[in-house]
**Q** 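Can you keep this structure in mind? I'll have questions shortly.
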Amino acid sequence: MPLKAHRGRKGCGPRHEARFKRLFLAGGCALGLLTAGSLHAQTPQPREEGQLISPSLLAAHRGGTLRLVAAASGGTLDPHINYSGKYINLFAVVYDGLTTFKKVPGPDGNTVVADLAETLPAPQDGGRTYVFTLRPDIHFSNGRTVTTADVVASMRRIFRVGSPTAGSFYSAIVGADLCLKEPATCTLSGGVVEDPAHRTITFHLSSPDTEFLQKLAFTHAVIMPADTPDHDIGNTPIPSTGPYAIASYDPNKSLVLNRNPAFREWSAEAQPEGYPDTITYSFGIPDESAVTAVENGQYDWMEGSIPMDRLGELGSRYTAQTHVMPHAAMYFLPMNVNLPPFNVQKARQAVNYALNRKAMVIFYGGPGIARPLCGMLPSSLPGATDFCFYTKGASPAAPAPSWSAPDLEKARQLVRESGTAGQKLTLITANTSVDMAMGTWVRDMLQSLGYQASLRPLSSSVAFNYMQNTSNKVQIALKDWSADYPSPSNFLDDLLGCENFHPNSDSSINIPGFCDKRIQALMDRAKTDVSLTPQQSEALWREADKLVMEQAPIAPLIEKDTVLLTSPRLGNFFYTTVNQLFFSQVWVQ
């Protein structure tokens, strides 16, 4: 069944104008990235036919090399550990879990489907038991057959290697509590039970988890060979099940994926056959240079935010190559609640009041692709933030409906009352153009509040891990974050859940070190109470959001859309809401 290519056209013809909703800037055909209201995110269009790949399309467009580029590598190749969007989206065409998200554009891409499992099981025992049947005759890239023993070992390994989401995603599995306390001796005995004769794996949960199938679909639960070492494998590729396998990796230069010779397509909606023969990822190209290289076709796609000074250029000259897509994502400032000065609540609230979120919108690219954010939940999520405590004329006791302006007078008053004025602090950021611009402004703002503030930019390949480790004594940082799947838990529980604070670890995504038992109880109920209606669950997340923002361990800046730049030759632009540009489905030939 044929599938339509998503190819843009240069110029300002009617077809182009319809796609971009007739957006104009300075009288020309442009994206209008810096003008309020001038840009709207593209809505991914559903395919006209159900098949992702037909034999004729595969024959016509199969082959070639997809060329990706980034300023720096994404760290470890270990899919149970790596939590960078740079590699998580790439791993989606390399590894598989028991479940996955449907590989289709549009909202249906949020749907969980069976992957290595034959079907999605119906929960039993009030949501505490799931029985999966493993598909037969699936092989790793080294030729070995995938077995139930590989599934059990992989789930156990999540805890043994200290996966960043071991606590927030998989703690409901029976035995997980012991694994979180003593990872090295983790067995998950009684929690994950295999029956090799019938190819079944049974998960027993200590309490229901309404998002368990989504969590199994995330990269940290992919299945690897049972003999994979129980430690970070670093730069060593692990045998995989997807259409591509990692052939080589030099974190200073490049990563190469070739076709997996053992792959056969078992489900087009879960893991479709790929078009490119090879996918290469080149590192060490600064974002400014990368924009030019992709514009000119030297690379096919660049990772990371587009520098603000290049957006107008894309809008006026490269509209056919520029794609603005919806994605639940934000920028925020995590503040360490266990270190001065932000171990004082009023100091954290002061930062929230002082932030000029309009400036942050401009640094990212303008109101067409970013909006001020006052709470933890972007507008595309259920239970999205509908209040603003920290804006001119508002407070936790009398919130405004939305952000309007900073309140520097109130912020300086809170700093004085906190007794933290004059203290030294260092803001950690990644060294990308957008992060540096935002970080420089925030540093100046902190100085204006009376702090001796400095800025420390780090390579984007190490910045996130550095922020997480309490040994580095990070007081405040600038970080972006996007949804692993569309749920409030990805923002509230992941970033601020008690179970996600792990001192002296690079896998402690609760950067503020925040833990509030009342808030945790609300989040736990929203995740586990199967009797709740969707509206009741949303109300719990919204209440947790308000309680979090009252204590202000984080200062939200903006919610943002994703701006993707692709080469002139890249066809069949294929964007999913979970994995964004899905690399196996684009055409380079």
Side-chain angles (χ1 to χ4, degrees), residues 1-11 13 15-16 18-19 42-69 89-90 92-94 96 100-106 108-109 113 115 141 240-247 256-282 293-302 318-323 325 564-589:
M1 299 180 181
L3 154 66
K4 229 180 218 183
H6 183 141
R7 292 186 183 275
R9 292 194 301 136
K10 293 184 179 180
R15 178 180 170 192
H16 176 82
R19 177 169 294 159
Q42 300 175 35
T43 300
Q45 298 299 311
R47 301 301 179 188
E48 293 185 353
E49 303 290 348
Q51 288 284 351
L52 292 180
I53 292 183
S54 69
S56 60
L57 279 179
L58 194 57
H61 296 286
R62 181 184 175 103
T65 298
L66 175 65
R67 304 162 303 190
L68 316 177
V69 65
N89 293 332
L90 187 71
V93 301
V94 178
D96 294 276
T100 190
F101 292 96
K102 198 172 183 179
K103 302 308 186 294
V104 293
D108 201 27
V113 296
D115 192 357
S141 51
S240 55
T241 52
Y244 298 92
I246 298 172
V256 178
L257 274 61
N258 290 332
R259 288 190 181 277
N260 175 2
F263 177 79
R264 64 172 180 82
E265 184 183 273
W266 56 82
S267 169
E269 66 179 13
Q271 188 63 283
E273 176 73 70
Y275 286 112
D277 285 337
T278 302
I279 301 174
T280 63
Y281 216 146
S282 298
V294 176
E295 287 174 345
N296 295 336
Q298 294 167 274
Y299 296 99
D300 297 308
W301 172 85
M302 66 169 285
Y318 298 95
T319 50
Q321 296 171 230
T322 307
H323 316 266
M325 309 302 294
L564 302 175
L565 177 65
T566 58
S567 72
R569 72 168 186 154
L570 186 140
N572 197 42
F573 179 83
F574 196 102
Y575 182 92
T576 72
T577 52
V578 173
N579 295 118
Q580 301 186 61
L581 187 65
F582 197 63
F583 299 120
S584 73
Q585 296 305 290
V586 299
W587 299 341
V588 291
Q589 183 139 312

**Q** Taking Thr566 as the fixed residue, which of Tyr299, Phe573, Tyr318 is the one that meets the side-chain contact (heavy atoms from CB on, under 4.5 Å) rule?
**A**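 Of all the options given, the one that passes is Phe573.
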**Q** Who are the ring pair (Phe, Tyr, Trp, His ring centres under 6.0 Å) partners of Phe583, not counting sequence neighbours?
**A**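 Phe583 satisfies ring pair (Phe, Tyr, Trp, His ring centres under 6.0 Å) with Trp301 once adjacent residues are dropped.
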**Q** Using every non-hydrogen atom in the two residues, find where Val578 and Gly109 come nearest and quote the distance to one decimal.
**A**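 Of all heavy-atom pairs spanning Val578 and Gly109, the closest is CG2-O, 3.8 Å.
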**Q** Report the C-alpha distance between Arg569 and Gln321 in whole Å, list the side-chain angles of each, state the deciding distance to 0.1 Å, and finish with yes or no for side-chain contact (heavy atoms from CB on, under 4.5 Å).
**A** CA-CA 9 Å; Arg569 72 168 186 154; Gln321 296 171 230; over 6 Å; no
**Q** Say whether, by atom type as modelled, one donor and one acceptor occur between the side chain of Arg67 and the main chain of Gly297 under 3.5 angstrom.
**A**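 Pair found, side chain donor or acceptor close to backbone of Gly297.
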**Q** Decide yes or no on side-chain contact (heavy atoms from CB on, under 4.5 Å) for Tyr575 and His323, but give the supporting numbers first.
**A** CA-CA 10 Å; Tyr575 182 92; His323 316 266; over 6 Å; no
**Q** Just do the side-chain hydrogen bond (donor to acceptor under 3.5 Å, both in side chains) check on Ser141 and Asn260 with the steps written out, would you?
**A** CA-CA 6 Å; Ser141 51; Asn260 175 2; 4.7 Å; no
**Q** Please determine whether a side-chain nitrogen of the Lys or Arg among Glu273 and Arg264 lies less than 4.0 Å from a carboxylate oxygen of the Asp or Glu.
**A**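 No, no charged N to carboxylate O under 4.0 Å.
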**Q** Taking all non-hydrogen atoms of both residues into account, name the closest pair between Pro276 and Tyr244 and its distance.
**A**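 Smallest interatomic distance, heavy atoms only, reads O-OH, 2.5 Å.
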**Q** Run Tyr281 and Val69 through side-chain contact (heavy atoms from CB on, under 4.5 Å) and show every step you take.
**A** CA-CA 5 Å; Tyr281 216 146; Val69 65; 5.8 Å; no
**Q** Side-chain contact test, heavy atoms from C-beta onward, threshold under 4.5 Å: evaluate it for Pro105 versus Phe582 and give yes or no.
**A**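 No, side chains not in contact.
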**Q** Are Asn258 and Asp277 packed together at the side-chain level, in the sense that at least one heavy-atom pair is separated by less than 4.5 angstrom?
**A**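 SC-SC contact between Asn258 and Asp277 ruled out.
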**Q** Taking only residues two or more places apart in sequence or in another chain, which ones pass side-chain hydrogen bond (donor to acceptor under 3.5 Å, both in side chains) with Ser282?
**A**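 Result, side-chain hydrogen bond (donor to acceptor under 3.5 Å, both in side chains) vs Ser282: none returned.
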**Q** Do the side chains of Trp587 and Leu570 get nearer than 4.5 Å, heavy atoms only?
**A**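 Leu570 vs Trp587: side chains apart.
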**Q** With side chains defined as the heavy atoms from C-beta onward, is the minimum distance between Ile246 and Val256 less than 4.5 Å?
**A**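 No, every pair of side-chain atoms sits at 4.5 Å or beyond.
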**Q** For the residue pair Lys103 and Asn579, establish whether any side-chain heavy-atom pair is separated by less than 4.5 Å.
**A**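 Yes, close enough: below the 4.5 Å cut-off.
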**Q** Within the 4.5 Å heavy-atom criterion, are Glu295 and Leu565 side-chain neighbours or not?
**A**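 Glu295 vs Leu565: side chains touch.
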**Q** Which is it for Thr322 and Leu564 under the side-chain contact (heavy atoms from CB on, under 4.5 Å) test, yes or no, and what are the steps along the way?
**A** CA-CA 6 Å; Thr322 307; Leu564 302 175; over 6 Å; no
**Q** Are any of the side-chain heavy atoms of Thr100 and Val113 separated by less than 4.5 Å?
**A**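 Heavy-atom side-chain distance check passes, below 4.5 Å.
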**Q** Specify the closest pair of heavy atoms between Ile279 and Val93, including all atoms of both residues, with the distance to one decimal.
**A**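 Looking at all heavy atoms of both residues, the closest pair is CD1-CG2, 4.4 Å.
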**Q** Any idea which heavy atoms bring Leu581 and Val586 closest together, and the distance?
**A**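 Taking every non-hydrogen atom into account, CD1-CG1, 3.8 Å.
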**Q** Locate the shortest heavy-atom distance separating Pro243 from Gly274; write the atom from each residue and the value.
**A**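 Distance-wise, the nearest heavy atoms are CB-N, 4.2 Å.
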**Q** What distance separates Leu66 CG from Leu257 CG, expressed to the nearest 0.5 Å?
**A**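 Interatomic distance, Leu66 CG to Leu257 CG, rounded to 0.5 Å: 10.0 Å.
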**Q** Does any non-hydrogen side-chain atom of Phe263 lie less than 4.5 Å from one of Gln271?
**A**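 They are in side-chain contact.
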**Q** Which atom pair, heavy atoms only, marks the closest approach of Asp115 to Trp266?
**A**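 Nearest pair, atom of Asp115 first, then Trp266: OD1-NE1, 3.1 Å.
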